[in-house]
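Take a look at the structure below.
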Amino acid sequence: MNRRAFLALARTGPARTAVPTASIAPYQQPLTRDDALHLLRRTTFGPTLELVEQLVGKSAEEAVALLLGNSASEPPVPSPGQWVNQAQEDPRGVDIVTRGQIEATWQSNFRNLQQWWIDLMRTEKFPAREKLTLFWSGHFTTEFTYDLGYIPPQVLYRQNLMLRRMRLSNFRSFLEEVTLDCAMLEYLGGTLNVAGKPNENYAREMMELYSTGIGWYTEGDVKEAARVLTGWKASLYSDAPAPNGLFNTWFKPSDHDIGAKQFLGLSIPARDQDTNTEYLVRTGEVRRMIEILFGQRAEAIARFMVGKLYRYFVYSNPEASDAEVLAALMDIFVANDFELRPLLTTLLSSEHFFDPANRGVQIKSPADYVVGLARQMGVSLPGAADALARMEQDLIDPPDVSGWREYRTWISTKTLPQRVQYVQQLIASLADTQAQEFVRSFDRWQSVDSFVAELTRFLLPRPVGTNRLSYYTSVLLAGAPNYEWPAIVNNAQAVGTRLRALLRTIVKAPDYHLC
Amino acid sequence: MRRRDFLRTAAALTTTAAATQIAGLPVRASSPLLSLPPQVMESDNVLVIIQLFGGNDALNTVIPAEDDEYYRIRPTLAIPKSRAWRWLSTDLYLHPSLAGNGLFGGGFGGLMDQGRLAIVQDVGYDNPNLSHFRSTDIWLSGINSSDPFVRLNEGWIGRYFARVLPDFPTVLPSHPLCVQIGGTLSLLFQSAKGDVGIALSDPQKFFELGRGSTPDEEPLPETDAFAREFNYVRSVAAQADQYAQAVLDAYNRGRTTVDYGSRGLPAQLGMIARLISGGLRTKVYLCYLGGFDTHVQQQDADEITNGVHPSLLAQLANGVALFMQDALQQGFAQRVVGITISEFGRRPYENGSRGTDHGAAGVQFVFGDGNSIRSSRFGTAPNLHELDSNGDLIYQHDYRRLYADILLNWFDATPEDTAAILGDRIAPLNVIKRRTVTSTPPLEPTDSSLMIVPNPVGTTGELHVHLKRLAPVSIDVYNLRGQFVGEVFHGILPEGYSRLPLPPLRVGSYLLQLQSGDCMLHTRFVVGQ
């Protein structure tokens, strides 16, 4: 029997429910090993044996609290380097040689920034901040390479810190922060949005992509929102004005439209020159507009954001039977005044989240796939920023303002072979002694059958059938009889070769691309 | 009877006999009738789609140079009449960056002169959506849903192949059906049965990476979401493996006879030319040119051929002109037609940043050999005096009309398939001509004549049809945007004159279409008070 035919017999593991039936009620049982693995697969870039041990036996709520952390009182992330505080001139105003130097510096600093973030994803333990920060980075998109050139990486770094800090905050306040974020002002034409010549770019996306979704406002509302947002500037360059300091936002009263605005049926009164100040415009117009948006379109915002978070953390393609769960989550979001923490806590510690039908159904992003292997095997990630870009997940530089389409679109005939090849290179970098140590970190490693069963349970999202287990065992033993396994493990070189061969096989399996 | 209808009938007739005669030998489970490939798989017609992402500014592409209003609403961006390229003595003017240097000088001006380009004015749909993403999805899916919650999960090309290839994806064609140059696979090539296309940017790399990527694990029975996602990943990996060799072989065999350079749209078109030349039997190619979202400084203040938008136009025109020249020199020009798509045009009024904001109706280009397309301008210059409530252009042509051309005329789909794929009955614009040779067309255009009496029609009207011989016909009324309005007659008409009543119609202008097999006739008429 060839290995294909052999595996054809394997098919599925045990029968399980076809659609999720569990509700949003809290998951009561103490977490089993499989529960902990599932929770870690969805909220981090991959479980490690150490983190699994810490969660087993805890209640879902305790585990989620540990994972989410408390953004108000957590240690700062380490800085990527000196460059984050050094400004360059505006490259559009200098000669071509200087321009080339500035942009080359930015390119290199930007790669440094991406690698810095990937290392945070790879090394973080509890709290697990990065998966949610990546969600917000994909939601409140900003591209390093945009129509007019580059957004300086210094402000992209600051935006990334802001996303991490605000990740569990009140969504209304979050949107206000984003609206006046330096990088965002530059990215979506905010700095060009001046009285008499409104630029609608951000105003439209604020609703279409960042809060309500399309269909909840008129073109008139877009125009009026653009007028509200006139006058804001970003200090991006060493030769640009910086009344509030470098890499900060400031307000230029003469560029602000002081006339009255009508937004979503409510009015924002006109002001005179005396009240045309940064503080009063921010509170009386920008904040007021966002309050109107949340007041008039609460249900749309809840639907849009709950749907998006659900697709990110539970399943990308919710079925009709999930409607009740989504509706209950929307109620929780609105009842808690758009606070994100109670929403996420409820979702991630619910029976629904742990429903067997929701396990292993999510397609891994390139970051999940690549960083996950590095976390699980304890290897580093050389050139990962470029590798992720080749897999179409160029961090902080999505293809356009709507961000990545994610899920199934991560997998194409172009990107799928790319990710497998890169991860197989990582596997090749796994040292013999590392492999030996890895095998011995499993409790029952001395039995080859137990080891393979435990390994697949650790690496794959659902149990695999006995035929697949036998096949993987045969790949691992490479012809040696079962009883020789402990001796193989005692020989670093022998176990290294064999473990790497098995890992190369497993990372190609369709369910290794799922989590 | 069409050739393939004949084949289907013949196959059906012989099946029973053949199956009984070979009793004892393995008989295929699927019926030969179903496994007979559709016409599209037998023909070697190729479609190239160029997606201009960001919303191309139609009014600074094809210039309404004879309308003073254009110069009033575009004080800093308008192209002076003296600088625009004029087609013959018509009111069709092109941006000089798009026109190139006239005949054989490259550019769309040259292609117009050679009869290898068609221009479709004011293409759009109802309730224009000004979001790049929703509108792109509307264009790629071929479905204009006014409900924002309707998720558009399938492309019209994906739906087409999923519909006409009943065994897909259990049985994969030996060459990829669709190829996208670069990027994440487009919605255009997605279907409920899986992707009908592959994405690649470098055939050598595609081969090295894809070879051997078929997973060891077999597909799962699709009982739940896990199995569906598992099988999805598995089928993509299997396609990467299966097509790796076919693509590389074609690439290595193929050649180009012009210099496409190594960047941008021309390089993408060069890759397509090389794959076609090397014998890849792919039906649809997609390439992509972004950067059309020109809110700010779309054109230099002092020189209209410099700046973002003019450069993009030059890239488009140069790429297509090179491709057509290459196709002619290599002898595959008659097999290829191309169209451009863009999610919307831009607002007629320029904004304050020397740019333009999102608009509605846009312009489409069709390129191909003179035997494959009718080279002309379709529709009139945009009407800048009657805009919609948002200040945007009102469309003249439903955006699915060229899709109907492609399905009916280029891929030989049936009218039923076409209506099912596009969600509505859409009249083809007939920019693209039929190329497939069929055995016995039931009618030639000279066989019949159409007359509406009276025209304009009052409270009642009649259609007078004259046929030289008995024929099955379908006669329908469409509005001038190409959308179906009502049926007149479906059935067999006798030789000679027939008089058929028209359905009740509101005041307006209409298009009457008679279709019989491969023959299609149109006449326009007006319904008055």
Side-chain angles (χ1 to χ4, degrees), chain A residues 3-4 7-8 10-12 16-19 147-148 189 192 194 196-201 204 208-209 213-215 219 315 317 319 357-363 392 399-402 404-405 408-418 420-421 461-462 468 471 505 508-511 513-514, chain B residues 53 129-134 147-149 176 180 182-185 187 190 195 197-201 206 208-211 213 215-218 220-221 223-234 236-237 239-240 243-244 290-291 293-297 308 351-353 355 357-358 389-390:
Chain A
R3 71 185 175 152
R4 273 286 156 62
L7 284 165
R11 297 283 177 178
T12 64
R16 54 189 77 86
T17 42
V19 292
D147 305 354
L148 301 178
L192 303 164
V194 298
K197 295 177 176 179
N199 185 304
E200 298 172 5
N201 214 348
R204 177 184 310 283
E208 176 185 333
L209 297 175
I214 58 177
E219 288 301 313
Y315 183 38
N317 193 16
E319 293 164 77
N358 280 327
R359 302 195 187 191
V361 295
Q362 197 75 308
I363 288 181
E392 318 259 334
D400 55 49
V401 64
S402 72
W404 296 290
R405 293 296 171 100
R408 282 193 177 191
T409 63
W410 289 131
I411 305 284
S412 76
T413 50
K414 176 165 170 257
T415 57
L416 181 75
Q418 291 276 8
V420 173
Q421 188 208 37
R462 287 199 182 189
R468 248 176 99 181
Y471 172 62
T505 304
K508 270 175 65 186
D511 42 354
H513 296 270
L514 303 177
Chain B
F53 184 75
N129 197 304
L130 270 54
S131 149
H132 291 293
F133 311 104
R134 186 69 179 179
D147 179 354
F149 293 116
Q180 169 184 343
T184 305
L185 195 73
L187 175 67
Q190 291 171 26
D195 297 343
I198 61 170
L200 68 95
S201 36
F206 183 72
E208 286 163 12
L209 289 170
R211 187 181 38 171
S213 63
D216 299 334
E217 297 76 12
E218 291 293 315
L220 300 176
T223 50
D224 64 358
F226 174 74
R228 283 197 296 276
E229 304 301 333
F230 182 102
N231 290 350
Y232 173 77
V233 174
R234 197 192 170 285
V236 172
Q239 288 193 44
Y243 295 141
D293 194 18
T294 50
H295 287 279
V296 179
Q297 296 166 22
V308 179
N351 65 20
S353 320
D357 293 323
H358 302 181
S389 59
N390 206 29

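Within every chain, numbering begins at 1; the chains are lettered A, B, ... in the order of the sequence lines, protein sequences first and strands thereafter. These numbers come from a predicted model, not from an experiment. Heavy-atom basis, side chains included; hydrogens, waters and symmetry copies ignored.
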Checklist line | Which atoms of Asp511(A) approach chain B - backbone, side chain, both or neither, heavy atom under 4.5 Å | finding: both
Margin query: Let's test your reading of the structure: which of Leu130(B), Asn231(B), Asn351(B) forms the most heavy-atom pairs below 4.5 Å with chain A?
Written below: Leu130(B)
Notebook entry, point to check: Is it true that Arg204(A) and Asp357(B) have a side-chain N and a carboxylate O under 4.0 angstrom from each other?
Noted result: no
Notebook entry, point to check: For Ile363(A), is it the side chain, the backbone, both or neither that has a heavy atom under 4.5 Å from a heavy atom of chain B?
Noted result: side chain
Next item on the list: May I ask you to check whether Tyr315(A) and Glu229(B) show a side-chain donor-acceptor distance below 3.5 Å?
Entry: yes
Notebook entry, point to check: Lys414(A), His513(A), Gln421(A): which one forms the most heavy-atom pairs within less than 4.5 Å of chain B?
Noted result: Lys414(A)
Item checked: Part of Gln418(A) within contact of chain B (heavy atom distance under 4.5 Å) -> both
Notebook entry, point to check: With a 3.5 Å cut-off and no angle check, do the side chains of His132(B) and Asp293(B) form a donor-acceptor pair?
Noted result: yes
Margin query: With a 4.5 angstrom heavy-atom cut-off, is it the side chain or the backbone of Ser402(A) that approaches chain B, or both, or neither?
Written below: both
Checklist line | By salt bridge (charged side-chain N to carboxylate O under 4.0 Å, His left out) - contacts of Glu208(A) (at least two apart) | finding: none
Check: Of the backbone (N, CA, C, O) and the side chain (C-beta and beyond), which part of Arg408(A) lies under 4.5 Å from a heavy atom of chain B, both, or neither?
Finding: both
Next item on the list: Measure the CH2-CH2 distance between Trp404(A) and Trp410(A) for me, rounded to the nearest 0.5 Å.
Entry: 6.0 Å
Notebook entry, point to check: So what's closer than 4.5 Å to chain B heavy atoms on Arg405(A): side chain, backbone, both or neither?
Noted result: side chain
Next item on the list: Output the option from Ile198(B), Leu185(B), Asp195(B), Thr294(B) having the highest count of non-hydrogen pairs under 4.5 Å with chain A.
Entry: Ile198(B)
Check: Non-hydrogen atoms of chain B under 4.5 Å away: do they reach the side chain of Val194(A), the backbone, both or neither?
Finding: neither
